[in-house]
Amino acid sequence: MEVKARAPGKIILSGEHAVVHGSTAVAASIGLCTYVSLQVPPSNENDDRLTLQLKDMALEFSWPIGRIKEALSSLGGPFPSTPTSCSAESFKLILALIEEHNILDAKLSLASGVSAFLWLYTSIRGFKPATVVVTSDLPLGSGLGSSAALCVAFSAALLACSDTVNIDMKQEGWLVFGESELELLNKWAFEGEKIIHGKPSGIDNTVSTYGNMIKFRSGNLTRIKSSMPLKMLITNTKVGRNTKALVSGVSERTLRNPDAMSSVFNAVDSISKELANVIQTPASDDLSITAKEEKLAELMEMNQGLLQCMGVSHASIETVLRTTLKYKLASKLTGAGGGGCVLTLLPTLLSGTIVDKVIAELESCGFQCLIAGIGGNGAEICFSASS
């Protein structure tokens with residue numbers, strides 16, 4: 001049997017950085033996904049290995065099930081219905097298994113992702129053989145929630161193979177989990193994210209699990225749904241950034257200029273709330289959709305100006321802003337800033353010729369351009385017989 005799962009990445013439409021200082025932010029799923037295929041060998045096959053293939057990186061990790069059981073049997077499990085955190089001791093045991101593969105120093109950052117996989121696999125499925133294959137539309141480390149999408153897709157495929165969730169394996173096509181199953185899936189994905197990031201907010205995995213959009217403030221998440229189709233050009237500047245340093249920089253600027261920065265954060269809060277309202281307001285025809293898109297474009301531009309006030313823009317981001325402005329398109333950075341990705345709203349009535357020109361100009365700067373729908377489905381699974 002083969003179980004396939006897919007989970008979307010995410011963008012921040014409004015409120016990044018300011019959310020740390022009490023403002024509202026809005027996040028949305030994007031139509032770019034991470035895909036996981038879990039292939040269970042027939043019981044009569046003499047296959048006793050757990051193999052993880054990261055296709056986009058041309059990497060493979062494989063362990064005899066006996067070796068995993070020997071190393072991790074003290075962890076107990078499986079306990080699929082009880083999402084459990086990986087302790088420091090458990091992490092050391094898992095890391096020892098990964099180190100047997102002699103990962104190059106340049107790829108050490110992969111260790112946390114593979115650790116999350118081993119924790120989720122043994123916790124949800126136990127010590128059983130399988131081949132797990134991962135592919136993704138999402139560029140790594142660019143602020144599009146690639147690690148959360150990975151944890152959600154892993155958890156979805158594993159839970160679909162367990163007796164914990166109630167799913168009809170005979171149905172064809174992509175299926176969604178029920179509400180209680182989604183809650184369980186989200187909790188497991190969060191445990192994976194904790195292994196990768198230490199103290200994640202939970203926003204990325206929640207958006208990836210449920211899809212659509214989320215409004216959040218001071219740890220409170222509210223799921224919201226768009227009443228209109230939204231499409232974005234996502235430009236990956238390919239400039240790496242240090243999220244922790246950028247967050248610290250905003251905090252330091254706030255200490256130096258408390259009154260001015262308080263006004264900035266209050267303005268961002270208002271923009272996020274207005275943006276959420278616009279997105280949820282019904283749009284009955286092309287005219288009202290165009291009016292809403294113009295409003296969203298204006299709010300995005302205002303948010304970008306405030307992000308520049310926070311000091312988190314970058315020369316590469318400014319290049320994207322200048323380029324899209326020539327075509328009267330609104331753009332803003334998404335995520336930490338200092339590089340990473342930039343969003344450009346593509347209005348419904350915008351001609352494909354203009355989009356092609358914008359992309360050609362941005363790609364000539366060495367940037368990667370992706371077009372994605374915003375606010376679509378969350379985690380999905382499908383079943384098929386093994387080939």
Side-chain angles (χ1 to χ4, degrees), residues 1-3 5 7 34 36-43 45-55 57 59-105 107-134 147-165 181 184-200 205 381:
M1 181 185 73
E2 179 182 20
V3 180
T34 291
V36 166
S37 165
L38 193 157
Q39 300 160 17
V40 180
S43 56
E45 269 193 24
N46 187 24
D47 186 351
D48 67 343
R49 300 185 72 84
L50 175 59
T51 300
L52 173 64
Q53 297 177 358
L54 304 176
K55 285 288 189 182
M57 300 178 183
L59 289 174
E60 179 174 300
F61 301 85
S62 187
W63 304 267
I65 288 297
R67 174 70 187 99
I68 296 176
K69 196 169 185 178
E70 174 191 359
L72 306 180
S73 59
S74 62
L75 306 184
F79 30 84
S81 61
T82 311
T84 305
S85 298
C86 181
S87 67
E89 185 59 36
S90 299
F91 183 72
K92 286 180 183 178
L93 295 173
I94 288 172
L95 207 56
L97 282 172
I98 297 169
E99 288 172 348
E100 294 174 4
H101 285 265
N102 298 317
I103 299 177
L104 297 174
D105 288 344
K107 295 178 178 176
L108 278 177
S109 59
L110 284 171
S112 60
V114 180
S115 297
F117 162 72
L118 282 172
W119 174 252
L120 292 171
Y121 191 95
T122 54
S123 297
I124 298 173
R125 195 156 188 271
F127 305 107
K128 297 179 181 179
T131 298
V132 179
V133 181
V134 179
S147 67
L150 181 67
C151 290
V152 171
F154 276 150
S155 301
L158 291 165
L159 286 170
C161 286
S162 74
D163 296 327
T164 308
V165 298
E181 284 92 351
L184 178 64
L185 164 57
N186 194 35
K187 288 178 179 177
W188 270 120
F190 185 56
E191 294 303 334
E193 275 278 84
K194 283 159 65 174
I195 293 173
I196 296 173
H197 292 299
K199 294 182 179 179
N205 53 275
I381 56 168

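If you're wondering where the values come from, they're calculated on a predicted model, not measured in any experiment. Values below: every heavy atom of this structure, side chains too, minus hydrogens, waters and symmetry copies.
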State which residues pass side-chain hydrogen bond (donor to acceptor under 3.5 Å, both in side chains) with Thr122; sequence neighbours excluded, sorted by chain then number.
none
Which pair of non-hydrogen atoms, one from Pro129 and one from Pro41, has the smallest distance, and what is that distance?
O-CD, 3.5 Å
Pairing residues for Glu181 by the salt bridge (Lys or Arg N to Asp or Glu O under 4.0 Å) criterion, not counting sequence neighbours
none
Which value, rounded to the nearest 0.5 Å, describes the distance between Trp188 atom CH2 and Leu158 atom CG?
9.5 Å
OG1 on Thr84 to CZ on Phe79, rounded to 0.5 Å
4.5 Å
Applying side-chain hydrogen bond (donor to acceptor under 3.5 Å, both in side chains), can you list everything that pairs with Ser62, at least two apart in sequence or on another chain?
Arg49, Thr51
Would you say that more than 12 heavy atoms from the other residues, nucleotides or ligands in this model lie under 6.0 Å from the NZ of Lys194, or not?
yes
Rounding to 0.5 Å, atoms CZ (Arg67) and CG (Leu72) come to a distance of 8.0 Å
Kindly give the heavy-atom pair with the smallest separation between Gln39 and Ser37, and that separation in Å.
NE2-OG, 3.2 Å
Only counting residues at least two apart or in another chain, list the ones meeting salt bridge (Lys or Arg N to Asp or Glu O under 4.0 Å) with Lys128.
none
For Thr82, all residues meeting side-chain hydrogen bond (donor to acceptor under 3.5 Å, both in side chains), sequence neighbours excluded:
none
Which atom pairs, one a donor and one an acceptor, fall under 3.5 Å between side chains of residues 86-93 and the rest of the protein, sequence neighbours left out?
from  : atom 1 : to    : atom 2 : distance (Å)
Ser87 : OG     : Ser90 : N      : 3.1
Ser87 : OG     : Ser90 : OG     : 2.9

Does Val114 reach the side chain of His101, with side-chain heavy atoms less than 4.5 Å apart?
no
Correct closest heavy-atom pair for Leu38 and Cys161 would be CD2-SG, 4.0 Å
Hits for side chain to side chain contact (heavy atoms under 4.5 Å, CB included) against Pro78, two or more places apart or cross-chain, chain-then-number order -> Pro80
Ala189 meets the side chain to side chain contact (heavy atoms under 4.5 Å, CB included) criterion, sequence neighbours left out, with Cys151, Val152, Ser155, Asn205
Distance-only donor-acceptor check, side chains Gln53 and Thr131, under 3.5 Å:
no
Contact summary for Ala160 and Val165, nearest pair of heavy atoms:
CA-CG2, 4.0 Å
Between Ile195 and Ile94, is there a side-chain heavy-atom distance shorter than 4.5 Å?
no
Which pair of non-hydrogen atoms, one from Gly192 and one from Ala116, has the smallest distance, and what is that distance?
O-CB, 3.7 Å
How far does CG of Leu52 sit from CZ of Phe61, to the nearest 0.5 angstrom?
7.0 Å
Distance-only side-chain donor-acceptor flag, Ser147 / Glu193, under 3.5 Å
yes
What one should report as the nearest heavy-atom pair of Ala149 and Thr34 is CB-OG1, 3.7 Å
Qualifying residue for side chain to side chain contact (heavy atoms under 4.5 Å, CB included) with Arg125, from Leu159, Val40, Leu50:
Val40
For Glu70, the side-chain hydrogen bond (donor to acceptor under 3.5 Å, both in side chains) test, sequence neighbours excluded, returns none
Under the ring pair (Phe, Tyr, Trp, His ring centres under 6.0 Å) rule, collect the residues that match up with Phe154, sequence neighbours excluded.
Phe117
